[in-house]
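Remarks on the structure that follows.
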Amino acid sequence: MICEIVLATSNRHKVKEIESILKDLSIEIVPMTSFASYPIIIEDGKTLEENASKKAREVAIFFRKWAIADDSGIEVDYLNGNPGVHSARYAGEKCSSYENNNKLLEALKNVPQEKRTAKFKTVIAISNPKGKTLLLDGEIFGTIRSCAGTNGFGYDNIFYIPEYERTLAELSFEIKNSISHRSKALQKAKKVIKKLISFSGK
Ligand code: ITT
């Protein structure tokens, strides 16, 4: 029987976005950070898929509950897909988003706007209590621009969406959540979770 899913992330911005996107599901979404203890996961995978699976699996086994994890990364064409899976630590261990963004802008300093194309990708992993995982992904395409906007988090203020003529950080929470990489992956995840709920007779 599936009646709750543990959210295997310690990123509070992701918690907010994921809770909002999954709010119409008839199960409880419980952030792992709301428990007294939870596993600290070393994200040493070579791909977003490996890291997402690892996070979901370890959290599911730890709590013996269903778990859902998100691993995301920004892939810049001019940098051959970097920072990609290294997006969180692009400017070094324990660096801030500000430092990551500055490093990325610096790396593209002399690159013309038309060559600053990039995509943001999210891989969502769903794990059953025994650690069997399933992966779903979503992408959004844009370009890297100088900082604009104060909404969102991470790379949002330098990720420009041509269709909206805005960075993700200039869009509202609702609009970001209707078009983002995370939202596209979670829409697919939602279908899977709905099937799981109907199978388990809830
Ligand atoms: P968890 O592993 O605990 O989920 P994290 O922040 O380490 O949290 P990731 O490894 O997936 O998550 O994040 C990679 C980096 O990309 C990190 O610097 C995030 O701030 C950034 N990021 C993730 N999703 C983003 C989004 O929707 N918009 C902007 N930046 C994002």
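Quick caveat: nothing in here was measured; it's all calculated off a predicted structure.
For Arg12, the CZ atom sits in a loose shell: 12 or fewer heavy atoms of surrounding residues, nucleotides or ligands are nearer than 6.0 Å.
The stretch residues 75-86 participates, sequence neighbours left out, in these salt bridge (charged side-chain N to carboxylate O under 4.0 Å, His left out) pairs: Glu75-Lys119. Within the structure, the ring pair (Phe, Tyr, Trp, His ring centres under 6.0 Å) test picks out no pair touching residues 70-97 (sequence neighbours left out). Sorted by first and then second residue, the ring pair (Phe, Tyr, Trp, His ring centres under 6.0 Å) pairs involving residues 93-135 (not counting sequence neighbours) are Phe120-Phe159, Phe120-His181. Within the structure, side chain to side chain donor-acceptor pair (under 3.5 Å) contacts touching residues 128-138 (residues at least two apart or in different chains) are Asp137-Lys188. Judged as a salt bridge (charged side-chain N to carboxylate O under 4.0 Å, His left out), not a single pair has a partner in residues 95-105 (not counting sequence neighbours). Residue pairs meeting the salt bridge (charged side-chain N to carboxylate O under 4.0 Å, His left out) criterion with at least one partner in residues 30-52, sequence neighbours excluded, are Glu43-Lys55, Asp44-Lys54, Glu49-Lys121. Applying the salt bridge (charged side-chain N to carboxylate O under 4.0 Å, His left out) definition to pairs two or more places apart or across chains, those involving residues 154-170 are Asp156-Lys176. Among residue pairs with one or both ends in residues 14-53, those qualifying as ring pair (Phe, Tyr, Trp, His ring centres under 6.0 Å) are Phe35-Phe63; sequence neighbours excluded.
Side-chain contact between Ser146 and Ile158: absent, with no pair of heavy atoms (C-beta onward) separated by less than 4.5 Å.
By the criterion of side-chain heavy atoms lying less than 4.5 angstrom apart, applied directly or through intervening Ile, Leu, Val, Met, Phe, Trp or Tyr residues, Leu22 is grouped together with Ile126 in one hydrophobic cluster. Follow the hydrophobic side-chain contacts under 4.5 Å out from Tyr164 and you reach Leu168 in the same cluster. By the criterion of side-chain heavy atoms lying less than 4.5 angstrom apart, applied directly or through intervening Ile, Leu, Val, Met, Phe, Trp or Tyr residues, Val123 is not grouped with Ile21; the two fall into different hydrophobic clusters.
Panel note: side chain Arg116, backbone Leu108; a donor-acceptor pair is recorded below 3.5 Å. Using modelled atom types, no side-chain atom of Asp70 and backbone atom of Lys14 make a donor-acceptor pair closer than 3.5 Å. The main-chain N or O of Gly45 is found under 3.5 Å from a side-chain atom of Asn51 such that the two form a donor-acceptor pair. Between the Asn157 side chain and the Asn151 main chain, no donor and acceptor come within less than 3.5 Å of each other.
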Trace of the side-chain contact (heavy atoms from CB on, under 4.5 Å) decision for Leu186 with Ile124: CA-CA 7 Å; Leu186 285 169; Ile124 293 291; 3.6 Å; yes
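Heavy-atom minimum distance, Leu7 versus Val15: CD2-CA, 4.1 Å.
Shown here are the side-chain hydrogen bond (donor to acceptor under 3.5 Å, both in side chains) partners of Lys16, two or more places apart in sequence or in another chain: there are none. Listed by chain and residue number, nothing satisfies the side-chain hydrogen bond (donor to acceptor under 3.5 Å, both in side chains) test with Asn11 (two or more places apart in sequence, or in another chain). Residues passing the ring-ring contact (aromatic ring centres under 6.0 Å, His included) test with Phe153 are His13, sequence neighbours excluded. Remark: Ser20 engages no residue in a side-chain hydrogen bond (donor to acceptor under 3.5 Å, both in side chains) (not counting sequence neighbours).
Side-chain contact check for Ser72 and Arg182: at least one donor-acceptor pair (N or O, by modelled atom type) lies under 3.5 Å.
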